[in-house]
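Each remark here refers to the structure printed beneath this line.
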Amino acid sequence: MRLKTVSFRQPVDAHRATPQFTSARLAAWILSGFACLSILPSAHFPRAKAQDAAAAGVASQPSDSDADVLAPYREAATKRWEKEIQKYETLDAKTTDPADGILLIGSSSIRRWDTAADDLAPFRVIPRGYGGARYSDLAVYAERLITPHDFRAVVIFVGNDISGKETDATPEEVERLVRHVVEIAREHRPGAPVLLVEVTPTRSRYDAWPKIRELNAMLREVCFTEPTVHFVATAETFLTHDNEPRENLFIDDQLHLNEEGYDIWGKIIRDRLTEVLREQTHD
């Protein structure tokens with residue numbers, strides 16, 4: 001709305017207005033001006049506020065809502081893992097995390113890593129791995145596993161999404177879940193790096209290795225496209241020159257690492273952690 005400009009220096013016609021009428025007219029002009037100004041906030045401010053709110057909503061909401069991503073998996077994950085997660089929550093309430101600790105989350109290779117504190121020294125660890133979890137399980141419980149901890153970095157390994165079964169997920173399905181977990185970690189600790197560990201080639205699942213390699217390629221792509229997310233390449237170290245799994249690095253089930261396997265795995269992860277945190281310090 002454009003306000004009409006009024007000049008108060010125009011001469012007053014003595015035959016048409018008395019001094020009192022002129023004062024009243026002047027007062028009316030002033031009041032009408034304020035009335036016009038009072039219209040401006042209702043005409044312009046709500047639109048600005050609406051735009052701000054809309055912008056904030058877009059920024060704060062992920063492209064896929066939690067319900068959309070997790071709904072297909074929540075019931076099965078809860079039935080299988082709720083008691084395990086509750087045990088960790090009880091542990092969290094009783095213990096204090098080490099300052100600048102490294103949070104380790106994921107499936108059984110993380111849970112069975114009894115020597116993680118020694119293998120990753122001088123980094124101090126917060127181990128929170130469980131069972132034969134898939135990324136669908138980890139995504140469901142990501143908030144409860146991640147947000148109780150003020151970690152320096154988080155290391156994630158999950159190796160069960162593709163195992164050669166009809167129930168295997170596709171790399172595309174896993175990608176949505178990985179990005180969800182990454183988002184939870186980054187929202188909680190924006191400056192803390194997230195390290196995604198490559199799925200290891202094993203004899204027991206070697207028939208599925210071509211598909212697992214596709215999954216690993218997806219994890220690498222996530223690291224390229226998400227800030228503060230870093231890939232930990234391990235697969236080539238666990239293959240022979242003939243591209244066969246190094247069976248001597250696994251226990252009898254040819255799925256889980258033995259002591260020597262953990263020594264090698266731990267060194268790779270420790271070196272990558274050192275590299276990432278050093279780069280972060282220089283930045």
Inset, instruction - State which residue, out of Arg144, Lys87, Arg128, fulfils the salt bridge (charged side-chain N to carboxylate O under 4.0 Å, His left out) condition with Asp92. - result: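 Among Arg144, Lys87, Arg128, the one that satisfies the salt bridge (charged side-chain N to carboxylate O under 4.0 Å, His left out) with Asp92 is Arg128.
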Between [X] and [Y], is there a donor-acceptor pair closer than 3.5 Å when you use the side chain of the first and the backbone of the second?
| X | Y | value |
| --- | --- | --- |
| Thr115 | Asp118 | no |
| Gln254 | Ser204 | no |
| Arg124 | Asp100 | no |
| Gln280 | Thr228 | no |
| Asn258 | Ile251 | no |
| Asp168 | Ser163 | yes |
| Glu198 | Ala235 | yes |

Is the closest side-chain heavy-atom distance between [X] and [Y] below 4.5 Å?
| X | Y | value |
| --- | --- | --- |
| Arg220 | Cys223 | no |
| Arg186 | Pro227 | yes |
| Tyr262 | Asp114 | no |
| Leu138 | Ile105 | yes |
| Ser109 | Trp265 | yes |
| Val199 | Arg213 | no |
| Leu145 | Tyr130 | yes |
| Ile212 | Tyr206 | no |

Indicate if [X] and [Y] have the same hydrophobic cluster label, given that clusters are the connected sets of ILVMFWY residues with side-chain heavy-atom separations under 4.5 angstrom.
| X | Y | result |
| --- | --- | --- |
| Val232 | Val174 | no |
| Val181 | Tyr88 | yes |
| Val194 | Val197 | no |
| Ile268 | Phe250 | yes |
| Ile264 | Phe123 | yes |

Could you grab the distance from atom [atom1] of [X] to atom [atom2] of [Y], nearest 0.5 Å is fine?
| X | Y | atom1 | atom2 | answer |
| --- | --- | --- | --- | --- |
| Tyr135 | Leu196 | OH | CG | 5.0 Å |
| Ile126 | Asp97 | CD1 | CG | 3.5 Å |
| Leu104 | Leu120 | CG | CG | 6.0 Å |
| Ile156 | Leu103 | CD1 | CG | 8.0 Å |
| Thr200 | His256 | OG1 | NE2 | 10.5 Å |
| Glu172 | Leu215 | CD | CG | 10.0 Å |

message = Walk me through whether Asp271 and Lys267 qualify under salt bridge (Lys or Arg N to Asp or Glu O under 4.0 Å).
response = CA-CA 6 Å; Asp271 289 349; Lys267 183 180 185 305; 2.8 Å; yes
Report task. Apply the test salt bridge (Lys or Arg N to Asp or Glu O under 4.0 Å) to residues Glu275 and Arg272: give CA-CA distance (whole Å), side-chain angles for both, the deciding distance (0.1 Å), then the verdict. Result -> CA-CA 5 Å; Glu275 180 183 27; Arg272 188 71 173 116; 2.8 Å; yes
Check: When the ring centroid of Trp81 is compared with that of Tyr141, is the distance short of 6.0 Å?
Finding: no
- prompt: Are Arg179 and Thr225 close enough that a side-chain donor and a side-chain acceptor fall under 3.5 Å?
  reply: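 Arg179 vs Thr225: donor-acceptor pair found between side chains.
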Residues at least two apart in sequence or cross-chain that pass salt bridge (charged side-chain N to carboxylate O under 4.0 Å, His left out) with Arg203, listed by chain then number, are Glu244, Glu247
TODO: Taking only Lys NZ, Arg NE, NH1 and NH2, and the carboxylate oxygens of Asp or Glu, determine whether Asp68 and Arg176 approach each other closer than 4.0 Å.
DONE: no
Query raised in the report: CG of Asp252: more than 12 outside heavy atoms within 6.0 angstrom?
Result: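 No.
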